[in-house]
Amino acid sequence: MRALYLITKKNLKILLRSKASALIIIFAPLLIILLLGLSYNNSEQFGLNIGVYSSSFTEDVDSFVTILEEEEFTITKYDALESCIDEVKRGTTHTCIVLPESLQISGNGQKEIIFHIDPSKVNIVWMIQETVKEKFNIKSQEISQDLAQDVLTRVVNTKTKITEKNAEVNALKEKTSSATSTTNSVKSSLSKLDLAAPLTTYDVAALSSLTSGMETAIKKIEQAITAVDSSNMTSSKVAIKKPLQDALEELGGTNVTSTSLGGIITSLQTDLNSAKEKLVAASSAVKSSNTNLAAVSSALSESSTTLDSVQAGLNEVIANIEGQKVTEAGTLVSPLTTKIETVSEEGTFLSYLFPAILVLVIMFSSLLLGTTLVMMEKNSPAFLRNFFLPIRKMTFIISTYLTNLILIIFQIVIILGISLFFLKDAWSSLPTVALILFIAASVFTFLGMLIGYIFISEETAVLASISLGSVLLFISGTILPLEGISVMLRKFTYFNPFVIAEKLIREVFIFNTSLKVIWLDLVILIGYALILFIIILILESILHKHLMHRFMRHHHRAQRQKGKKNKNDA
Amino acid sequence: MELIRLKGVSKNYKKNKILQDVNLMLEAGDVLGVIGQSGSGKTTLLNLLVGFIEPTEGEIVYYSKVEGKEKDLNENLHKIKKHFGFTPQHNSFYPKLTVKENLIHFGKLYKIDKKTLENNITSLLEFTKLSKHHNKLAEHLSGGMQKRLDISCSLVHKPKILVLDEPTADLDPILQKEILHLLEEVNKQGISIVIASHHLEHIEQICNKVAIVHKGRVHSHGLIEDIKKPFLKDHFTINVHSGKEKESVLEKLKNLQFKKIIDKGHKLIIYPEHVKDTMNGLLNIINDEGLHFFDMDVRKPTLNEVFEKIALDDSEPKEEEQ
């Protein structure tokens, strides 16, 4: 038990006394946890960069864009669809949304919103799609709700109007009923009138003969009077004339009575009396009817007015209903439809993951090879001899880099060769991909070499390389999406050489982007390589003598101990 | 002709004074041995000499035969270092390369033309008796062969100065002899050699000059004979049979000039006034009187003895102080 304790204690002491080992073993995990903790300790929604294109940014489109911005999405408006899609390809934006000119629904047609997404971002593409779609669904629901509300308002208005007109119709109905009743009453009263003619047959010939005789007598008297007047008689004239005039007067005003006439006259009198009575009754009935009919007329006139009002009301209702443009249930329920379009041709998961796999392999190979080669040289027994060679330090560094590069190029050739078996269409992009890999390999090789120069023991240096590779991988978005990292830290991740290299290869490999477009990222990578090379040069010149001295001391001590041991053995 | 000179060179590591006020000179054809106790600063002195480290004070100058003027070593290191061959205590070659590959690699990096290099390598392989093993991986060679390869690597570019740190350490006596012989041969080719070693007998065997480093200072340096001079014995010892012979010798010695004679039974320790005169007188007496000596010991001090004396003399006051 004591031995166990002692050995463990010794192990810990040795580990902790080697500064680099202690740093790596104890602080590297802490550092990694701290980095990842800082990066992913974020409950906020994914801070997505969204590109928006619309042929015309109307007020309601703008208001919707503002809502998206408030949702912590970073919105960029584009005037051209192509540039919007290009930015998705370049990874600057996560999706390009094509919005209609207006989100207002004015007919049965649904408004289509198109999402352009990059399917090669397999670990986030669905998340982006769902997150953004969710916002559009909310907007769609909002619009749908407005449309339904509009329909309901129209229904309510129609109901109010109809209820209102219903009272008028009822009043009209009452009036019509009253008019009907009055009309019936008039009808009854008129039907009761006895307007039948007397059945008595009068001797009209006798009366005619009499009338004719009397007319003839009157004419003859008038002729006699005229003859008297025209005669020369003076004295007898008056005497003659007088009786003639009297006769004339008499014929004119004399009641002719005879048996026939008397009867006729009596009958006439009776009939006339009867007729008189009937006429009185008729007159009364007509009078009454007249009054009733006047009332009916008035009622009908009122009814006509009411009907006009009802008709106007109905017209309003029709107009109100006709105002509802959306009549399709589908449009009402889903006024906005979303459509997903990919910015690249649909491919397999391998093709999507291929850029990340390539960079991953190159990164770890270069880092580890860089570190191992430097450590090999540093720990080589011949390290000291190199000091005497008339060779510049830069030559040693470049030769280490070239050695690494040859091995990496060999790996690249194998990987790309195998990849062609699976990805047959990749021929055209291979030269550019190889160039990017070459530059990326340079950056990672120099990083690995830098670690090799910093650390003393090979084990620690390799551990440091793996740790660095892991950190770069973790904050690359390959495993965990970068969109989960806080926005501030995310800015730094864009400077991660892994991210840059992976982005470049994705653009070339998947989108066939030309070098003209991606030159800036390439320059950044080359810049990294140059800076790292300069740092290595500076570090090497600072550390070289220290390394030589350490090397000498280490071997001198080892040799001395060996000598002592030999002596003791002897 | 002077090759290199250290002028008042000191080296400190933080507050530790490793070497102080070192003045040394190496001439063409010299074999300089640097001796000292462990931790005395020998390796630091070698490191300074070859430019691994820069002196804190003083300067190291290299005399350029071509330019006929002296140059500061550290300021012109890039030009000068090709004139050095350095064989450290441990082997300094690539174990995974063959003997020939190692030689070709270093030779080519010295920018030697192909033909010259081939000649150099052939003669080196013969010279170091590695011809038969030229295709063997260096790691598969024996200890002695590895040391020879290491020296070959240091000589492949024909340096002017060969610096060796403990070249015979870890080797068995036969291999040690081999290496010493090899170094003698190297020196015969006109290459100056600086060797740091604990094996003082080896230093004494092959070096014409020595520098004794003690407690961070070069206690003494120069030709070995000159170094030894102050430590030459002031007495000689005669082993004699007891009895008449001894008494006769003592009687005759009375005629000689000596300070004192100590009788230790079979041993007489004579402290003469003048060693040479007394020695000659003593030999005359022996010759004239036909005396028979059992044994006589008159010898110069070894380098080891000189070094021990220096080390002990220096440590005694300390002990007294203690």
Side-chain angles (χ1 to χ4, degrees), chain A residues 19 369 372-403 406-407 456 458 537 540-570, chain B residues 11 13 38-39 42-44 46-47 50-54 74 77-97 102 105-112 138-139 143 146 149-150 153-154 156-157 159 161-163 165-166 168-173 196 198-199:
Chain A
K19 287 169 197 163
L369 267 172
T372 311
L373 278 174
V374 170
M375 293 313 294
M376 260 171 62
E377 192 58 44
K378 268 168 70 177
N379 294 334
S380 157
F383 179 62
L384 204 65
R385 192 168 293 288
N386 291 333
F387 175 81
F388 290 98
L389 298 171
I391 306 292
R392 292 184 184 280
K393 284 165 199 162
M394 191 192 283
T395 313
F396 279 105
I397 295 168
I398 293 173
S399 63
T400 309
Y401 161 70
L402 282 177
T403 313
I406 290 166
L407 295 170
I456 293 167
E458 189 167 351
L537 271 182
E540 218 275 342
S541 64
I542 293 168
L543 291 179
H544 189 76
K545 289 216 166 170
H546 165 75
L547 287 174
M548 298 288 282
H549 194 245
R550 190 188 66 81
F551 186 87
M552 286 286 288
R553 207 170 51 217
H554 172 73
H555 282 278
H556 190 68
R557 204 179 293 152
Q559 213 68 24
R560 204 184 288 168
Q561 280 166 359
K562 207 173 161 187
K564 272 183 191 170
K565 193 175 173 281
N566 287 346
K567 263 186 191 173
N568 290 338
D569 290 348
Chain B
K11 181 67 190 176
Y13 284 117
S38 291
K42 294 191 300 294
T43 306
T44 307
L46 291 195
N47 289 345
V50 294
F52 276 156
I53 49 175
E54 287 180 31
N74 296 102
L77 189 62
H78 192 70
K79 286 179 186 171
I80 297 172
K81 65 183 179 182
K82 65 184 173 191
H83 298 306
F84 286 98
F86 185 69
T87 304
Q89 202 169 352
H90 57 88
N91 291 325
S92 183
F93 47 73
Y94 291 105
K96 295 283 178 193
L97 295 184
N102 265 300
H105 171 73
F106 290 115
K108 281 189 174 171
L109 288 178
Y110 274 110
K111 295 166 187 171
I112 303 169
E139 64 183 357
Q146 285 188 343
L149 171 61
D150 208 9
C153 289
S154 305
V156 72
H157 61 295
I161 304 167
L162 175 64
V163 181
D165 190 6
E166 302 284 0
T168 53
D170 288 336
L171 299 178
D172 63 52
H198 282 109
H199 296 109

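Naming convention: chains lettered A, B, ... in sequence-line order (proteins, then strands); numbering from 1 in each chain. All values reported here derive from a predicted model rather than from experimental measurement.
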If one checks every heavy atom of Pro95(B) against chain A at 4.5 Å, the contacting part turns out to be side chain

Between Leu407(A) and Leu369(A), the two heavy atoms sitting closest are CD1-CD2, 3.7 Å

Hits for ring pair (Phe, Tyr, Trp, His ring centres under 6.0 Å) against Phe93(B), two or more places apart or cross-chain, chain-then-number order -> none

Sequence neighbours excluded, the answer for ring pair (Phe, Tyr, Trp, His ring centres under 6.0 Å) partners of Phe84(B) is none

So, the part of Asn102(B) with a heavy atom under 4.5 Å from chain A: the answer is neither

So, the side chain of Glu377(A) versus the backbone of Phe383(A): is there a donor-acceptor pair under 3.5 Å, distance only?
-> no

One option among Lys96(B), Lys82(B), His157(B), Lys81(B) has the most heavy-atom pairs under 4.5 Å with chain A, and it is Lys81(B)

